[in-house]
Amino acid sequence: MTTKMKAMVATGYGSPEVLQLQEVNQPQPNKNEVLIKIHATSVTASDVLIRGLKAPLMYKLLVQLAFGFGKPRNPILGMVVAGTIAGKGKNVTKFNLGDEVFAYCSMSPMKHRFGSYAEYICLPQDWNIALKPTNISFEEAAAIPYGGLLAAHLLKKTSIKKGDKVLIYGASGSIGTMALQMAKNAGAAVTSVCSSKNFELVRSLGSDKVIDYTASNAESQLETYQYVIDAVGNSKSSVLKAKSKQAINKQGRYISIDDGTPTTPKEVFLKLKELVEQGKLKPVIDKVYPLEEMVEAHRYVEGGHKRGNVVIVTT
């Protein structure tokens, strides 16, 4: 008898309403895979972009080439996992039943797997999967991989020295909150660009200065920086953002999340776990929704004003 599970299925590309709660077959692990009972996942900006397919024609074609024409090839979206090992293949040696783990379902742009908008998922034991840090909850664990890996991709392009001035545009988002903390860990003096309602948040994460991108005098608050890190990319723009591209010293660099293809190496994933365990990296959660309210969660993320991460719980 086939075991069933609940999952949010993307019936096509379009508005959040294309996501529908359905009963589907529970996956079964092959010999090198673990079966994870998912306790929490997250809705990322990338999930929303893929689901909505709101992009120029060429990008739409590329997305559908990668993920499926007409509708996603794997209709269960989501690539972030926090849960418990519920089963494993005969060759699995790295994990045991009952282990609490977290994971990111991507090893490279060509080696990834959707499926975390569900109660269960199977992943190869050698992918980006590790024991969950014991000092955080499943919900917090689900708020680490996406922003953490993309922030690490940005910071890899820097050589921050103690005292370097760094501006982070979009410092209150899932990528920005992680990039802010990583820059501080490297010794930078960080200025965060976000809305004034998020000043308290970014200051609590270590930001030395703050700039409200909506303020009339925002551009006049810019200094000269060693690095300007754009954590939101082309999805958002402002006069301040345009000016910030010139607010770098002669050896400085402007780095955008839209530059190049992000990589997700396992050593970086494991480093994120280590930093969280050491208390040097704090996941930030804005809202938590049950799986059944995935449509509302997507609608909220699509609004573009979330603080940190939006997490989904399945139990």
Side-chain angles (χ1 to χ4, degrees), residues 5-8 16 19 21 34-48 76-86 95 98-106 114-121 123 128-152 172-181 198 200-202 204-205 264 269-303 305-315:
M5 69 173 184
K6 293 179 181 178
M8 266 296 171
L19 298 169
L21 186 66
V34 292
L35 173 69
I36 303 172
K37 171 68 176 79
I38 300 172
H39 297 303
T41 183
S42 69
V43 176
T44 71
S46 295
D47 293 345
V48 168
I76 304 173
L77 302 180
M79 298 176 71
V80 175
V81 176
T84 306
I85 302 294
F95 299 98
D99 281 349
E100 296 182 347
V101 298
F102 75 121
Y104 191 60
C105 311
S106 172
F114 286 130
S116 69
Y117 285 8
E119 293 181 304
Y120 291 88
I121 192 172
L123 290 175
N128 279 329
I129 175 173
L131 294 177
K132 178 183 72 66
T134 57
N135 57 331
I136 61 171
S137 65
F138 284 112
E139 290 85 356
E140 289 171 313
I144 296 169
Y146 179 78
L149 286 166
L150 290 182
S172 59
S174 57
I175 302 171
T177 51
M178 289 293 190
L180 190 171
Q181 295 176 81
N198 293 324
E200 184 178 349
L201 168 63
V202 296
S204 74
L205 298 176
T264 53
F269 179 76
L270 294 178
K271 183 64 177 178
L272 293 175
K273 167 183 161 70
E274 179 185 329
L275 290 171
V276 171
E277 290 174 331
Q278 294 172 347
K280 295 180 180 179
L281 203 59
K282 178 184 177 182
V284 176
I285 296 175
D286 185 349
K287 290 177 179 273
V288 178
Y289 294 87
L291 182 66
E292 292 79 6
E293 294 180 18
M294 182 69 77
V295 170
E296 183 58 35
H298 263 249
R299 192 177 292 119
Y300 180 69
V301 173
E302 196 164 42
H305 298 292
K306 68 179 177 65
R307 295 155 42 102
N309 300 268
V310 169
V311 170
I312 302 294
V313 292
T314 61
T315 52

Asker: Thr41 side chain to Val80 main-chain N or O, any donor-acceptor pair under 3.5 Å?
Answerer: yes
Asker: Taking the side chain as every heavy atom from C-beta outward, state whether Leu149 and Phe269 have any pair of such atoms under 4.5 Å apart.
Answerer: yes
Asker: Between atom CG of Asn198 and atom NE2 of His305, what is the distance when rounded to the nearest 0.5 Å?
Answerer: 10.5 Å
Asker: When rounded to the nearest 0.5 angstrom, what is the spacing between CE in Met178 and CD in Gln181?
Answerer: 6.5 Å
Asker: Is the ring pair Tyr104/Tyr146 parallel, tilted or perpendicular, if the boundaries are 30 and 60 degrees?
Answerer: tilted
Asker: Would you indicate whether the side-chain heavy atoms of Ile121 and Ile76 approach each other to under 4.5 Å?
Answerer: no
Asker: In Å and rounded to the nearest 0.5 Å, what is the CZ to CD1 distance from Phe95 to Ile129?
Answerer: 4.5 Å
Asker: Determine the minimum heavy-atom distance between Pro145 and Leu272, stating which atoms define it.
Answerer: O-CD1, 4.5 Å
Asker: Does atom NZ (Lys6) have a neighbourhood of more than 12 heavy atoms from anything else shown, all under 6.0 Å?
Answerer: no
Asker: Might you point out which heavy atoms bring Val295 and Pro16 nearest each other, and give the distance in Å?
Answerer: CG2-O, 3.4 Å
Asker: Can you tell me how far CE of Met79 sits from CG of Leu123, rounded to the nearest 0.5 angstrom?
Answerer: 9.5 Å
Asker: Flag the pair Glu302 and Arg299 as a salt bridge only when some basic side-chain nitrogen lies within less than 4.0 angstrom of an acidic carboxylate oxygen.
Answerer: no
Asker: Minimum heavy-atom separation for Ala40 and Val311, please, with both atom names.
Answerer: CB-CG1, 4.1 Å
Asker: Run the side chain to side chain contact (heavy atoms under 4.5 Å, CB included) test on Ile144 and Ile136 for me, step by step, so that the C-alpha distance in whole Å, both residues' side-chain angles and the decisive distance to 0.1 Å come before the verdict.
Answerer: CA-CA 11 Å; Ile144 296 169; Ile136 61 171; 3.4 Å; yes
Asker: Any chance you could measure Ser46, atom OG, to Leu77, atom CG, to the nearest 0.5 Å?
Answerer: 11.5 Å
Asker: Which pair of heavy atoms, one from Ala142 and one from Ala82, lies closest together, and at what distance?
Answerer: N-CB, 4.0 Å
Asker: Ring of Phe138, cation from Lys132 - is the NZ or CZ under 6.0 Å from the centre and inside 45° of the axis?
Answerer: yes
Asker: Would you check if Thr44 and Ser174 make a side-chain contact, meaning some heavy-atom pair closer than 4.5 Å?
Answerer: no
Asker: Under 3.5 Å, sequence neighbours excluded: what are the donor-acceptor pairs made by side chains of residues 283-294?
Answerer:
{"residue": "Asp286", "atom": "OD2", "partner": "Tyr300", "partner atom": "OH", "Å": "2.6"}
{"residue": "Asp286", "atom": "OD2", "partner": "Arg307", "partner atom": "N", "Å": "2.8"}

Asker: Find the distance between OG (Ser204) and NZ (Lys282) and round it off to the nearest 0.5 Å.
Answerer: 5.0 Å
Asker: Answer yes or no: is there a side-chain heavy-atom contact under 4.5 Å between Leu35 and Tyr120?
Answerer: yes
Asker: If I compare all heavy atoms of Ala297 with all of Val43, which pair ends up nearest, and what's the gap?
Answerer: CB-CG2, 4.1 Å
Asker: Is the backbone N or O of Ser42 less than 3.5 Å from a side-chain atom of Asn309, with the two atoms forming a donor-acceptor pair by type?
Answerer: no
Asker: Looking only at non-hydrogen atoms, find the nearest pair between Gly115 and Ile38 and report the distance.
Answerer: O-CD1, 4.3 Å
Asker: Is Thr314 close to Lys37 at the side-chain level, that is, under 4.5 Å between some pair of heavy atoms?
Answerer: yes
